[in-house]
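Numbers restart at 1 for each chain; the letters A, B, ... are given by sequence-line order, proteins then strands. Predicted, not measured: the structure shown is a model, and the values here were computed from it.
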2 protein chains.
Amino acid sequence: MTPDPDITRGRKFEQVRRGASAIFLRDGFAGASVDDIARAAQVSKATLYTYFTDKSVMFREVMSASAAELFDPRMNLEPVDLPPDGHFADMLDDVLTWALDPECLRLHRLAIAEAHRFPDCVGNYLRLREACIVQPIRAQIDLWIKQGSIREHDSDRSSRNVAAMLLGNAIPQALLGQVPDEDRIRATARDCAWLFTLVHGIHQDMTA
Amino acid sequence: MTPDPDITRGRKFEQVRRGASAIFLRDGFAGASVDDIARAAQVSKATLYTYFTDKSVMFREVMSASAAELFDPRMNLEPVDLPPDGHFADMLDDVLTWALDPECLRLHRLAIAEAHRFPDCVGNYLRLREACIVQPIRAQIDLWIKQGSIREHDSDRSSRNVAAMLLGNAIPQALLGQVPDEDRIRATARDCAWLFTLVHGIHQDMTA
DNA sequence: GTCTATATACGGATAGAC
DNA sequence: GTCTATCCGTATATAGAC
C-alpha cells in the first residue's frame with residue numbers, strides 16, 4: 001500500500017487489478033497480452049494505461065497485491081496449547097494443504113518463472129511466503145519447548161528442516177502439474193510429524 | 001531420439017538446437033523470439049523453419065534434448081561400498097550441488113514456468129529428474145540395508161523424504177534467485193545425513 | 001539446405017472524443 | 001476517467017533466389 005508514482009488509483013482499480021492478476025497468473029509476463037487483460041477486467045486498454053504506466057508496472061502491482069492477499073490471513077495462525085503427538089501432524093497437514101492451494105501454486109509458479117525478470121518483486125514474495133510457512137511451525141515448536149513437551153534445540157533449524165521435508169516433494173511435483181491427493185498429503189504430514197517427534201521428542205520409542 | 005515428423009535433421013541441427021536452448025532457457029517460451037534464437041544459433045530464421053515446423057516444436061525438442069543431456073550422465077552414480085557415517089553426507093552434498101548447478105536450475109525453472117503450456121514435455125522431464133535424484137539415494141540406502149549397516153525399512157519412502165529435506169529449502173530459494181553457498185549446502189547435507197542415520201541407523205546415540 | 005526479403009498479424013502504447 | 005480508433009514496432013512464418 002505504499003504510494004507508487006507509476007500507479008494512479010481510481011474507480012475501477014480493483015477490477016483492473018483482478019483482471020491483470022488472472023491473466024498474468026495464467027500466461028506469465030511475456031505470454032500475457034494487455035488485450036487479454038483488458039478483456040478479463042472488462043475495461044478498455046486505454047483505461048489500463050491510466051492506472052499503470054506500462055505492463056511491467058502492472059505486473060509488479062499484481063505480484064505484491066497477490067502476495068499480500070494470500071499471505072496475510074495466514075498470520076493469525078497461533079500456536080495451539082496441545083501436546084505434540086497428533087496435533088503436529090494436523091498442523092503440518094494444514095500448512096501443506098494451504099501451500100497446494102491452486103491460487104497459491106499459480107502465484108508460486110509465476111514468481112519462479114519471472115524471478116530474473118523481476119528480482120525485487122520476487123525477493124519480497126519469497127520473504128512473505130517463507131514467513132507464512134516456517135514461522136507457524138517454529139512458533140509451535142518454541143511453545144512446546146517452553147512447555148517442556150519436547151527437548152530444547154535450535155528451533156530455527158528444525159522448523160526449516162520440517163518445512164523442507166513437508167514441501168520438498170509435493171510442491172515441485174504440484175508445480176509441474178501433479179498435485180497430490182488428500183491421502184498423500186496426510187501421509188506426508190504424518191511422516192514429518194513422526195520424524196520430528198522421534199528426533200526431538202522426549203519420550204521417543206525407537207522400535208516404532 | 002524418436003523420429004518426429006515435425007523435425008527434419010540436417011547439417012546445422014545441433015547448432016540450432018543449442019541456440020534455441022540458450023534463448024528458451026533465458027527468456028521462456030513466450031518471451032523468446034525466433035529472431036533471437038536465429039541470432040544465437042548464427043543461422044537465418046528460414047533455416048530454423050526447415051528444421052522445425054513451428055516455435056512450439058522447437059521448444060519441445062529443446063526440453064527433451066536438454067533433459068536427456070542433463071540427466072543421463074548422472075545414471076552412472078553407483079552406490080559406494082562404505083559405511084553410512086561420513087559418506088552419506090558427502091553423497092547428499094554431491095546431489096544437492098548438482099541440483100543447484102545453473103544449467104540444471106534454468107531447465108527446472110523453464111519446466112515449471114511452461115508446465116501447463118506443455119504438460120507432456122514436463123511430465124517426461126519430471127520423471128527423468130526424479131530418477132536422477134532419489135534413485136541414487138535409494139540405491140545407496142538399499143545397499144546399506146542389505147549389508148546390515150542400517151535397519152531395514154521402506155527405502156522408497158525414506159529416500160524420498162531425504163531428498164525432500166535435502167532439496168526442499170535450497171531449490172525453491174535458488175529458483176527465486178538466492179542460491180546457497182557451499183557452506184550452506186554442506187550444512188544441509190550434513191543435517192539430512194545426520195537425521196537419516198539417527199532415525200534409521202543401528203547404533204544411534206539419542207543424546208547427540 | 002540456406003539465405004534475403006517479405007507477408008501478415010499481433011503486440012504495447014497513445015490520440016482525441018465524450 | 002473512460003471509451004473507440006489507431007499508430008507503429010515487432011513477432012511468427014513463408015516465398016523465392018541461389
Side-chain angles (χ1 to χ4, degrees), chain A residues 1 3-63 65 110 113-114 116-118 121, chain B residues 1 3-63 65 110 113-114 116-118 121:
Chain A
M1 292 292 182
D4 187 326
D6 294 338
I7 301 177
T8 61
R9 283 155 197 272
R11 194 156 51 87
K12 302 190 175 179
F13 184 82
E14 263 307 295
Q15 187 177 339
V16 166
R17 204 188 56 69
R18 294 203 168 277
S21 192
I23 301 303
F24 279 133
L25 285 169
R26 194 190 60 187
D27 298 337
F29 176 73
S33 80
V34 292
D35 292 85
D36 280 355
I37 292 175
R39 240 189 310 279
Q42 293 177 302
V43 158
S44 74
K45 271 198 286 184
T47 303
L48 294 182
Y49 282 100
T50 64
Y51 288 97
F52 308 100
T53 60
D54 69 4
K55 196 182 165 187
S56 72
V57 173
M58 231 154 72
F59 181 82
R60 284 171 203 281
E61 172 60 22
V62 163
M63 276 299 288
L110 186 62
E114 311 300 344
H116 67 312
R117 226 188 294 256
F118 299 95
C121 261
Chain B
M1 293 293 179
D4 187 326
D6 294 339
I7 301 177
T8 60
R9 282 155 198 271
R11 196 155 50 86
K12 302 191 175 179
F13 184 81
E14 263 306 298
Q15 187 177 339
V16 165
R17 206 189 54 70
R18 295 204 169 274
S21 191
I23 302 301
F24 278 134
L25 285 169
R26 194 189 61 186
D27 298 338
F29 177 73
S33 81
V34 293
D35 291 86
D36 280 355
I37 292 176
R39 238 190 312 277
Q42 294 176 301
V43 159
S44 75
K45 273 195 289 183
T47 302
L48 294 182
Y49 283 100
T50 63
Y51 287 97
F52 309 100
T53 59
D54 69 4
K55 194 180 165 187
S56 71
V57 174
M58 231 155 71
F59 181 82
R60 284 171 203 280
E61 173 61 21
V62 163
M63 277 297 290
L110 186 61
E114 310 300 344
H116 67 311
R117 226 188 295 256
F118 299 94
C121 261

| remark: In whole angstroms, the gap separating P of D/dA13 from NZ of B/Lys55 amounts to 8 Å

| Is there a side-chain contact between B/Phe59 and B/Leu110, using heavy atoms and a 4.5 Å cut-off? | yes

| remark: By nearest-heavy-atom nucleotide on DNA chain D, the more 5' of A/Thr50 and B/Phe29 is A/Thr50

| task | Would you mind classifying the nucleic acid contact of B/Asp35 as base, sugar-phosphate or nothing, using non-hydrogen atoms under 4.0 angstrom? | result | base

| Touch check for B/Ala32, heavy atoms < 4.0 angstrom, all strands: base, sugar-phosphate only, or nothing? | sugar-phosphate

| remark: note: A/Tyr49, atom OH; D/dT6, atom C1'; distance rounded to Å ~ 14 Å

| For B/Arg39, does its backbone N or O pair with a side-chain atom of B/Asp36 as donor and acceptor, under 3.5 Å? | no

| Which part of the nucleic acid, if any, lies within reach of B/Lys12 when heavy atoms closer than 4.0 Å are counted: base, sugar-phosphate only, or nothing? | sugar-phosphate

| Mind checking whether A/Met58 and A/Phe24 have side chains closer than 4.5 Å, heavy atoms only? | yes

| note | Ranking B/Lys45 and B/Gly10 by the position along DNA chain C of their nearest nucleotide, the one closer to 5' is B/Gly10

| query | Touch check for B/Phe52, heavy atoms < 4.0 angstrom, all strands: base, sugar-phosphate only, or nothing? | reply | nothing

| note | Outer limits of DNA chain C sitting under 4.0 Å from a non-hydrogen atom of chain B, read 5' to 3', are C/dG1 to C/dT4

| request: Mind checking A/Ser44 for me? I need base, sugar-phosphate or nothing, with any heavy atom below 4.0 Å counting as a touch. | output: base

| message | Just so I know, are the side chains of A/Tyr51 and A/Lys12 near enough to count as touching, which here means a heavy-atom distance under 4.5 Å? | response | yes

| said: What I want to check is whether the side chains of A/Ser33 and A/Asp35 have a donor and an acceptor closer together than 3.5 Å. | reply: no

| query | Parallel, tilted or perpendicular: which fits the ring planes of A/Phe29 and A/Phe118, with parallel below 30° and perpendicular above 60°? | reply | perpendicular

